[in-house]
Protein chains: 2
Amino acid sequence: MLNSDATDHATGNAEIARQFAALGDPIRFAIIDRLAREGEVPAGALSEGFAVSAPAVSRHLGVLHKAGLVQRRVEGQRRLYSVAPESMRRIALWTLSHRAFWQGSLSRLDALIALEEHSDD
Amino acid sequence: MLNSDATDHATGNAEIARQFAALGDPIRFAIIDRLAREGEVPAGALSEGFAVSAPAVSRHLGVLHKAGLVQRRVEGQRRLYSVAPESMRRIALWTLSHRAFWQGSLSRLDALIALEEHSDD
DNA sequence: TCGCTGTTTAACATATTTGTTAATTAACCG
DNA sequence: CGGTTAATTAACAAATATGTTAAACAGCGA
């Protein structure tokens with residue numbers, strides 16, 4: 001058991017973990033997936049789309065907003081939500097930093113060899 | 001409020017959401033990050049690296065295993081854990097499927113993305 | 001102003017998650 | 001066999017998350 005550095009090697013690991021946690025709920029994941037496809041969607045439309053009450057969706061949106069995954073824009077009485085691009089980029093970057101594990105159909109050993117070969121990133 | 005299809009448009013959304021949930025815990029995220037860098041690591045070594053007890057790490061590994069994110073190999077009295085490549089690929093593909101949201105601004109990254117450009121959408 | 005629509009906050013019950021320590025299982029070695 | 005190491009499972013407390021309904025807030029328009 002070491003200090004907290006041991007659980008947080010790279011910069012911003014805690015933040016991306018919180019973003020993954022936000023994406024971990026099926027409803028929130030579906031919300032993000034839908035926003036990424038449809039662009040801006042008002043809260044009310046999302047409530048109709050998912051099988052929980054409007055207050056529940058509202059709080060899910062709050063969680064996503066707090067995690068930095070969505071942006072909110074006020075237009076009249078509606079709140080229009082959309083995906084925050086930077087957050088998606090952060091997640092994509094993380095997957096790319098470990099791309100040796102998913103590029104092609106690599107075995108675990110191949111992945112490690114690939115990691116050795118381009119150790120930059 | 002529609003039926004459950006509305007919260008699960010694409011195939012396997014529930015599964016990837018569970019994987020995000022597994023990655024959402026800071027310790028589990030750090031475990032995955034470390035396994036992706038180091039390859040196979042026995043449970044005991046992980047326990048030493050993170051600031052919680054061995055049983056706690058063991059259960060985190062169980063969660064990761066159940067979510068399909070890690071593989072377990074028994075060697076003598078040790079259990080060697082490693083990242084399951086397919087799960088990483090699934091997450092990477094999800095980010096790529098929404099790359100319109102993040103590919104805009106990083107030029108060094110654009111080259112990497114260009115390599116994947118032929119694959120989907 | 002009043003009522004209507006859109007959305008969030010409050011209050012609360014229930015379920016899940018996470019951590020701890022103690023006990024258990026399994027393999028190794030004298 | 002008996003002791004030691006490696007890891008998991010059991011039992012339980014505390015914290016967090018999720019859903020509901022009711023109330024509150026805010027903008028729109030007659």
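Here the structure is a predicted model, which is why all the values come from computation and not from measurement. Letters go in sequence order (proteins before strands), and every chain restarts at 1.
Contacts of Arg79(A) classified as side chain to side chain donor-acceptor pair (under 3.5 Å), with partners at least two apart in sequence or in another chain: none. Judged as a side chain to side chain donor-acceptor pair (under 3.5 Å), and not counting sequence neighbours, Glu86(A) has no contacts.
Checking Arg79(B) against Arg79(A), the closest nucleotide of DNA chain D that is more toward the 5' end is the one next to Arg79(B). In this structure, Gln77(A) and Leu61(A) both approach DNA chain C, and ranking their closest nucleotides by distance from the 5' end singles out Gln77(A). Between Ala45(B) and Arg59(B), the residue anchored closer to the 5' end of DNA chain D is Ala45(B), taking for each the nucleotide with the nearest heavy atom.
The main-chain N or O of Leu96(B) is found under 3.5 Å from a side-chain atom of Arg99(B) such that the two form a donor-acceptor pair.
A straight line from CZ of Arg73(A) to P of dG27(D) spans 15 Å, rounded to a whole angstrom.
Between Trp94(A) and Phe29(B), the ring planes lie tilted relative to each other; the angle falls in the 30° to 60° range.
In this structure, CD1 in Ile91(A) is found 5.0 Å from CG in Leu23(A), a value given to the nearest 0.5 Å. Atoms CG and CD, from Leu46(A) and Glu38(A) in turn, are 8.0 Å apart once rounded to the nearest 0.5 Å.
First and last contacting nucleotides of DNA chain C toward chain A (any atom under 4.0 angstrom from a heavy atom, 5' to 3' order): dT5(C) to dT9(C).
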